[in-house]
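Residue numbers count from 1 along this sequence.
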Amino acid sequence: MTQQFRIALLSGDGIGPEIMAVAVDVLKRIGQKFDLQFDFEDAMIGGAAIDQAGTPLPEETLETCRQSDAVLLAAIGGYKWDTQPRHLRPETGLLGLRAGLGLFANLRPAIILPQLIDASSLKREVVEGVDIMVVRELTGGVYFGEPKGIFATESGEKRGVNTMAYSVSEIDRIGRVAFEAAQKRSGKLCSVDKANVLEVSQLWRDRITALAADYPTVELSHLYVDNAAMQLLRWPKQFDTIVTGNLFGDILSDAAAMLTGSIGMLPSASLGEGGPGVFEPVHGSAPDIAGQDKANPLAQVLSAAMLLRYGLDQATAADQLEQSVLQVLDQGYRTPDIMSEGMLQVGCRAMGEALLKTLD
Ligand code: IPM
Ligand code: MG
């Protein structure tokens, strides 16, 4: 029997529409193969929404997302909106979407594919076999803490303020997601904080340590964030699952992504309690190459695979899609960001066509 799913498509800005077009084609083909019917609905977000609707996250967009089974997001942002006031910035739309859907858990896998080892700026022996899952808290911490703003002091000097805060329930729920992820992987979890300086991190460390009692098969360790950044570059294979707060996770997930050679390869899943998840590449909107058919659509396609796996519970279809990505790489196709000697350089569209061929 055909299964039906509603998928909200948020293409956003820059290279977003190009990479989204590839992912949608590929999903349609996967749907035919696995008897899944996808009803796609486009909605506006980011700069495109600012230009058309005067706000980076129109209410209809949030509504469309809430009524979907899963949300596929491409990328937001661009130079054009960088100097706007905060409420008219594309990023505010993304943060509003995360908060509006309660997506507190962000899973960012960083896997080095054997085909792309030479694209990494690190030595082969350092990155070969790297397979890390960064579990980033996504709706709390300094991104959302109050008070926040730019205030005038008594002397009239301006002062910018953000607040890094986590409550026990916020730490516990992301902690449990991470322990469960680690359980399903190799059983190693490293919690990253700055407990030598920050009270909020001390509470984080205390709670994560307490939770460990419920997961006796998981080996828990802790690192300060500065050391974690260093260790990620020094010997990344010591890591399996990493759990950390919003800001540290933002930074460390970019570092982890780069181990794999190109941030253009990495998908992510943002999940909440029950409602639809948002699946998006880790990379941004790359305005410098937008509209030139140079973008790498593979992170978007791998995000669609995560959507199938975590959002719609269609593991076999997800496996197939991930296999297709490996296949096109085996066939030598490379977009400019992952190009190396002897390979076949293609654009975004041609990469999409190559993917479709592997699915025929
Ligand atoms: C990310 C991005 C976002 C973040 C920006 C675009 C708001 O860097 O998803 O990592 O900081 O969370
Ligand atoms: Mg980031």
Side-chain angles (χ1 to χ4, degrees), residues 66 70-71 94-110 132-148 162-229 232 239-253 256 268-280 306 309-311 313:
R66 286 201 177 108
V71 180
L94 183 58
L95 298 179
L97 182 72
R98 291 171 179 170
L101 297 176
L103 306 173
F104 67 88
N106 184 214
L107 309 184
R108 297 189 163 184
I132 299 172
M133 175 69 85
V134 178
V135 179
R136 169 189 177 192
E137 200 290 328
L138 203 59
T139 52
V142 71
Y143 274 52
F144 291 92
E146 299 282 351
K148 61 155 87 181
N162 288 92
T163 303
M164 193 186 275
Y166 274 115
S167 61
V168 165
S169 56
E170 284 175 312
I171 301 167
D172 285 8
R173 65 181 182 177
I174 191 69
R176 291 198 184 280
V177 169
F179 274 104
E180 276 157 33
Q183 239 169 8
K184 288 189 197 138
R185 293 168 51 90
S186 79
K188 266 173 62 181
L189 178 63
C190 178
S191 172
V192 175
D193 59 42
K194 189 71 185 171
N196 51 343
V197 177
L198 304 175
E199 280 72 15
V200 52
S201 279
Q202 187 58 58
L203 183 64
W204 177 281
R205 189 173 283 222
D206 293 347
R207 286 312 308 168
I208 298 286
T209 305
L211 285 178
D214 292 346
Y215 303 90
T217 58
V218 176
E219 180 198 322
L220 174 67
S221 61
H222 302 273
L223 281 181
Y224 300 134
V225 62
D226 47 350
N227 189 16
L232 261 178
F239 294 103
D240 179 64
T241 309
I242 293 176
V243 62
T244 188
N246 206 341
L247 179 63
F248 300 157
D250 178 46
I251 299 166
L252 293 182
S253 62
S268 78
S270 303
L271 307 170
E273 252 135 350
V278 171
F279 302 85
E280 60 176 310
M306 285 190 101
R309 187 182 307 284
Y310 296 98
D313 220 9

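- Taking every heavy atom of both residues into account, Val134 and Ser253 meet most closely at CG1-CB, 4.3 Å.
- How far NZ of Lys194 is from CD of Gln202: 13.0 Å, rounded to the nearest 0.5 Å.
- Counting only distance, with no hydrogens or angles, the side chain of Ser270 and the backbone of Asn106 share no donor-acceptor pair below 3.5 Å.
- Under the 6.0 Å distance and 45° angle rule, Arg136 does not count as a cation-pi partner of Phe248.
- In this structure, Glu199 places its CD atom where only 12 or fewer heavy-atom neighbours from other residues, nucleotides or ligands lie under 6.0 Å away.
- Here the shortest heavy-atom pairing between Ala110 and Ala256 reads CB-O, 3.6 Å.
- Taking the side chain as every heavy atom from C-beta outward, Ile208 and Leu220 approach each other to under 4.5 Å.
- Using a cut-off of 4.0 Å between Lys/Arg side-chain N and Asp/Glu carboxylate O, Arg108 and Glu280 are scored as not salt-bridged.
- Here the shortest heavy-atom pairing between Phe144 and Leu138 reads CE1-O, 3.5 Å.
- Between Val218 and Ala182 the shortest heavy-atom distance is CG1-CB, 4.0 Å.
- The environment of CG in Asp313 is sparse: at most 12 heavy-atom neighbours from other residues, nucleotides or ligands sit within 6.0 Å.
- Considering only heavy atoms from C-beta on, Leu189 stays 4.5 Å or farther from Glu219 through its side chain.
- Expressed to the nearest 0.5 Å, how far CG of Asn227 lies from NE2 of His222 amounts to 13.5 Å.
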- Tell me, with the steps shown, if Asp214 and Arg176 meet side-chain contact (heavy atoms from CB on, under 4.5 Å). CA-CA 9 Å; Asp214 292 346; Arg176 291 198 184 280; 3.2 Å; yes
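- A donor-acceptor distance shorter than 3.5 angstrom exists from the side chain of Asn246 to the backbone of Gly140, with no hydrogens or angles considered.
- Asp193 contributes atom CG, which lies 7.0 Å from atom OG1 of Thr244 (distance to the nearest 0.5 angstrom).
- In this structure the side chain of Ile132 never reaches within 4.5 angstrom of the side chain of Asp240, judged on heavy atoms.
- Sorted by first then second residue, the ring-ring contact (aromatic ring centres under 6.0 Å, His included) pairs that include residues 183-213, not counting sequence neighbours, are Tyr166-Trp204.
- Between Phe104 and Arg173, some side-chain heavy-atom pair lies under the 4.5 Å cut-off.
- Closest approach of Leu252 to Val192, counting heavy atoms only: CD1-CG1, 3.7 Å.
- Here the side chains of Val278 and Arg98 are not in contact, with every heavy-atom distance at 4.5 Å or above.
- Applying the 6.0 Å contact sphere to CD of Gln183 captures more than 12 heavy atoms from other residues, nucleotides or ligands.
- Side chains of Leu271 and Leu103 form no contact here, defined as non-hydrogen atoms less than 4.5 Å apart.
- Between the side chain of Glu180 and the backbone N or O of Val177 there is no donor-acceptor pair closer than 3.5 Å.
- Side-chain contact between Ile251 and Val225: absent, with no pair of heavy atoms (C-beta onward) separated by less than 4.5 Å.
- Looking only at distances, a side-chain donor or acceptor of Lys148 sits under 3.5 Å from a matching main-chain atom of Tyr143.
- By the ring-ring contact (aromatic ring centres under 6.0 Å, His included) test, Tyr215 pairs with Phe179, sequence neighbours left out.
- The two atoms that bring Arg205 and Tyr224 nearest to each other are NH2-CE2, 3.2 Å, heavy atoms only.
- Side-chain atoms of Glu137 come within 3.5 Å of backbone atoms of Thr139 as a donor-acceptor pair (strictly under, hydrogens ignored).
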